[in-house]
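Note that the coordinates shown come from a computational prediction; the quantities given were computed from them, not determined experimentally.
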Amino acid sequence: MSSTVAAATPHARTFQTERRERLFYVIACVVMLVGVAVGFHMFYLHGLNDAGQPVTQQSASLVYVHGGLMTCWMVLFALQCGLVTTGNRRLHMKLGMAAVMLYAVIVPIGVITALLQIRYADPRSFPPFGPYRFLTLPLAEVANFTFFIGAGFLFRRSPQRHRALMMMGTLSAAQAGIGRIGAMRNLFFRASHAAFFPTFWGTTVTVVLVLWLVKLAMTRRMDRSFDIAVALFIASGLLSSYVSTTAWWIQLAHRITQ
C-alpha cells in the first residue's frame with residue numbers, strides 16, 4: 001500500500017507541473033497579445049504608424065497584408081495554447097497544418113515588406129540611426145521567426161522543445177509590436193544614451209526575462225529547451241545590433257533596397 005502511495009505522489013507532482021507549464025504558455029500568449037495591441041494601437045485603430053504618420057503609400061498595401069497575416073498568427077497561437085491546455089490535442093494537431101501554410105506565406109512577405117519600407121523611407125527617418133541601420137531589426141525578427149517556428153515544426157513530437165520554440169518564434173513576431181510601446185522604448189532610449197540594442201530590443205528582452213522568471217516560479221524547475229531558446233533570442237538581438245554598425249552592412253542594405 002505504502003509503495004503505491006509513494007509511486008502515485010511523484011506522478012501527481014509531475015501532472016501538476018505539466019498543468020502549470022501549460023498555464024504559463026497561456027499567460028505568455030496573453031502578454032504578447034496585449035503587447036502587440038498596445039504597440040500597434042495606432043495601426044489597428046487609425047491605420048497609422050507608431051509615430052502617428054500615414055503608412056508609406058508605395059508599400060501600404062503590403063504592410064496591411066503583412067499586418068493581417070501576423071495578427072492571424074497571433075490569434076492562431078492563442079487558440080493552439082488554449083487547445084493544449086484543455087487537452088484537445090487532435091484539433092491542435094489539425095490546426096498545425098494551417099499554421100504551416102500560414103508560416104510559408106508570412107516569411108517571404110515579411111522580408112519583402114521590410115525591404116520596401118526602407119526603400120521608400122525618408123533618408124532622415126528612424127533618427128538617430130537611419131533607415132539602413134534600422135533594417136537589421138525587421139530582418140532579424142523575420143529570421144528569428146523563421147528559425148524558431150521552423151524548428152518548432154521539426155520538434156513537434158517533443159512537447160517540451162516544441163512549446164519553447166513555438167513561443168519564442170511567436171515572440172519574435174510580437175516584438176514588432178512590443179518594441180513599439182512608446183513609453184518603454186523612450187525609456188530605454190534615454191537610459192542607454194541612444195544605444196541601438198536597448199532602444200529596439202530592450203522592451204522585448206525585458207518581457208522575455210520576466211516570463212522566464214514567471215515560468216521558473218510556476219513550474220519550480222529549469223527548462224533547458226526554454227533556456228536555450230531565450231539565450232538564442234537575446235544573442236540574435238546583440239548580433240543584429242552589432243551588424244547594424246558595420247560599414248559593409250550599410251552598403252549591403254543600400255544595394256538590396258534600391
Self-check item: Step-by-step ring pair (Phe, Tyr, Trp, His ring centres under 6.0 Å) determination, Phe134 to Phe196
Solution: CA-CA 9 Å; Phe134 176 82; Phe196 190 92; 7.5 Å; no
Drop me the distance from [X]'s [atom1] to [Y]'s [atom2], to the nearest 0.5 angstrom.
{"X": "Arg156", "Y": "Ser158", "atom1": "CZ", "atom2": "OG", "value": "12.0 Å"}
{"X": "Asp227", "Y": "Met222", "atom1": "CG", "atom2": "CE", "value": "4.0 Å"}
{"X": "Gln258", "Y": "Leu115", "atom1": "CD", "atom2": "CG", "value": "11.0 Å"}
{"X": "Leu137", "Y": "Glu141", "atom1": "CG", "atom2": "CD", "value": "4.0 Å"}
{"X": "Thr204", "Y": "Ile234", "atom1": "OG1", "atom2": "CD1", "value": "10.5 Å"}
{"X": "Ile109", "Y": "His66", "atom1": "CD1", "atom2": "NE2", "value": "9.0 Å"}

Is the side chain of [X] donor-acceptor paired with the backbone N or O of [Y] at a distance under 3.5 Å, no angle test?
{"X": "Thr199", "Y": "Ala195", "answer": "yes"}
{"X": "Thr246", "Y": "Val243", "answer": "yes"}
{"X": "Gln58", "Y": "Tyr120", "answer": "no"}
{"X": "Arg20", "Y": "Met218", "answer": "yes"}

Please find out if less than 6.0 Å separates the ring center of [X] from that of [Y].
{"X": "Tyr103", "Y": "Phe153", "value": "yes"}
{"X": "Trp73", "Y": "Phe145", "value": "yes"}
{"X": "Phe24", "Y": "Phe226", "value": "yes"}
{"X": "Tyr242", "Y": "Trp249", "value": "no"}

Atom of [X], atom of [Y] and distance for their closest heavy-atom approach:
{"X": "His41", "Y": "Val38", "result": "ND1-O, 2.7 Å"}
{"X": "Leu135", "Y": "Ala114", "result": "CD1-O, 3.8 Å"}
{"X": "Ser225", "Y": "Gln160", "result": "CB-O, 4.1 Å"}
{"X": "Gly202", "Y": "Thr206", "result": "O-OG1, 2.8 Å"}
{"X": "Thr113", "Y": "Leu62", "result": "OG1-CG, 3.3 Å"}
{"X": "Met166", "Y": "Gly152", "result": "SD-CA, 3.8 Å"}

Would you indicate whether the side-chain heavy atoms of [Y] and [X] approach each other to under 4.5 Å?
{"X": "Leu33", "Y": "Phe77", "result": "no"}
{"X": "Arg19", "Y": "Thr85", "result": "no"}
{"X": "Ile106", "Y": "Ile149", "result": "no"}
{"X": "Gln80", "Y": "Leu83", "result": "yes"}
{"X": "Arg224", "Y": "Ile228", "result": "yes"}
{"X": "Ser244", "Y": "Phe129", "result": "no"}
{"X": "Met167", "Y": "Leu211", "result": "yes"}
{"X": "Arg185", "Y": "Arg180", "result": "yes"}

Quiz item: So with a 6.0 Å cut-off around CZ of Arg133, is the heavy-atom count from everything else above 12?
Solution: yes
Quiz item: Can you name the one residue among Leu171, Leu165, Thr170 that meets side-chain contact (heavy atoms from CB on, under 4.5 Å) with Met168?
Solution: Leu171
Self-check item: Criterion side chain to side chain contact (heavy atoms under 4.5 Å, CB included) on Leu102 and Cys72, from CA distance to verdict
Solution: CA-CA 9 Å; Leu102 187 58; Cys72 289; 4.2 Å; yes
Exercise. Would you please test Glu18 and Arg163 for salt bridge (charged side-chain N to carboxylate O under 4.0 Å, His left out) and show each step?
Key: CA-CA 12 Å; Glu18 180 70 13; Arg163 293 170 189 166; 2.4 Å; yes
Going hydrophobic residue to hydrophobic residue with side-chain gaps under 4.5 angstrom, can you get from [X] over to [Y]?
{"X": "Trp248", "Y": "Ile118", "result": "yes"}
{"X": "Trp201", "Y": "Phe126", "result": "yes"}
{"X": "Met32", "Y": "Ile27", "result": "yes"}
{"X": "Val142", "Y": "Leu239", "result": "yes"}
{"X": "Tyr25", "Y": "Leu23", "result": "yes"}

Quiz item: Passes side chain to side chain donor-acceptor pair (under 3.5 Å), Thr71 versus Tyr44? Steps please.
Solution: CA-CA 10 Å; Thr71 301; Tyr44 285 126; 2.8 Å; yes
Quiz item: Would Tyr132 and Leu252 satisfy side chain to side chain contact (heavy atoms under 4.5 Å, CB included), going step by step from the backbone distance to the final call?
Solution: CA-CA 9 Å; Tyr132 296 141; Leu252 178 61; over 6 Å; no
Quiz item: For residues 78-106, which residue pairs qualify under salt bridge (charged side-chain N to carboxylate O under 4.0 Å, His left out), counting only residues two or more places apart or in two chains?
Solution: none
Practice problem: Please report the C-alpha distance between Phe197 and Ser192 in whole Å, then the side-chain angles of each, then the deciding distance to 0.1 Å, and finally whether the side chain to side chain contact (heavy atoms under 4.5 Å, CB included) criterion is met. | Solution: CA-CA 9 Å; Phe197 177 76; Ser192 66; over 6 Å; no
Exercise. Dump the intermediate steps for side chain to side chain contact (heavy atoms under 4.5 Å, CB included) on Phe43 and Tyr64, then the final yes or no.
Key: CA-CA 9 Å; Phe43 179 79; Tyr64 295 140; 3.5 Å; yes
